[in-house]
Amino acid sequence: MIRFSLIIATLWLTLPASAETVVAARTIRAQTILTAADLAMIDGNVPGAIATIDEAIGLEARVMLYTGRPISQADIGPAAIIDRNQIVPLIYNHGGLTISADGRAMSRASVGEVVRVMNLSSRTTVSGVVAPDGSIHVGGIAAH
């Protein structure tokens, strides 16, 4: 009887810990801001999938999320504040020199992301970093 108890105890200690994975509770379109009602938990550990609902709440779906499918970090991200074709201020700041111009965003982007923008004056396409105020910082120190 003691031997049987030791075997059971040994098996119990070597079993993997149960993990949970976040899945979509319903089909969610890309560009939707996620809420707790959009998400559910399932048993099991799916590699690359997020493990807690708190990690996803308030983020934006970057792709279509289907009911019951695990959600990975690549599927979600910060909400975009710049839309494609939106007119945005371009800012170049280096030392004491600041130059600004209007540009047209070539894609959607969130704060801190690099986005391509066409300068409306010169028709030149440049890349810059999205600032929290929605401006695009190109070149100089602010873009690094």
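Being a predicted model, the structure only gives us computed values, none of them experimental.
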Set of side chain to side chain donor-acceptor pair (under 3.5 Å) partners for Thr21, sequence neighbours left out: none
Heavy-atom closest pair, residues Ser110 and Ala79: CB-O, 3.2 Å
Non-hydrogen atoms of Ala25 and Ala37 that approach each other most closely: CB-O, 3.8 Å
Within 6.0 angstrom of Arg62 CZ, more than 12 heavy atoms from elsewhere: yes
Shared-cluster residues of Ile53, by chain and number - hydrophobic side chains joined below 4.5 Å: Val22, Ile28, Leu34, Leu39, Met41, Ile50, Ile57, Leu59, Val63, Leu65, Ile71, Ile76
Reported CZ-to-OG distance for the pair Arg84 and Ser107, which is rounded to 0.5 angstrom: 8.5 Å
Pairing residues for Asn45 by the side chain to side chain contact (heavy atoms under 4.5 Å, CB included) criterion, not counting sequence neighbours: Ala19
Closest approach of Ala109 to Val130 (non-hydrogen atoms, all atoms of both residues): CB-CG2, 3.7 Å
Candidates Leu120, Leu90, Val117, Asn119 - the one meeting side-chain contact (heavy atoms from CB on, under 4.5 Å) with Asp102: Leu120
Arg108 side chain reached by Asp83 side chain, heavy atoms, under 4.5 Å: yes
Non-hydrogen atoms of Ile91 and Ser135 that approach each other most closely: CG1-CB, 4.0 Å
Smallest separation among heavy atoms of Ala105 and Ile82, with atom names: CB-CG2, 3.5 Å
For Glu55, side chain to side chain donor-acceptor pair (under 3.5 Å) partners two or more places apart: Thr52, Gln73
Within one Ile-Leu-Val-Met-Phe-Trp-Tyr cluster: Val126 and Ile87, side-chain cutoff 4.5 Å: no
In one Ile/Leu/Val/Met/Phe/Trp/Tyr side-chain cluster, 4.5 Å: Val88, Met106: no
Minimum-distance pair of heavy atoms, taken over all atoms of Arg29 and Thr32: O-OG1, 2.8 Å
Co-membership, hydrophobic cluster, residues Met118 and Ile136, 4.5 Å side-chain: no
Value rounded to 0.5 Å, distance of NE2 in His137 from OG in Ser127: 15.0 Å
By side chain to side chain donor-acceptor pair (under 3.5 Å) - contacts of Thr67 (at least two apart): Thr27
Partner set under side chain to side chain contact (heavy atoms under 4.5 Å, CB included) for Asn85, not counting sequence neighbours: Arg104
Close side-chain approach of Asp38 to Arg26, heavy-atom, < 4.5 Å: yes
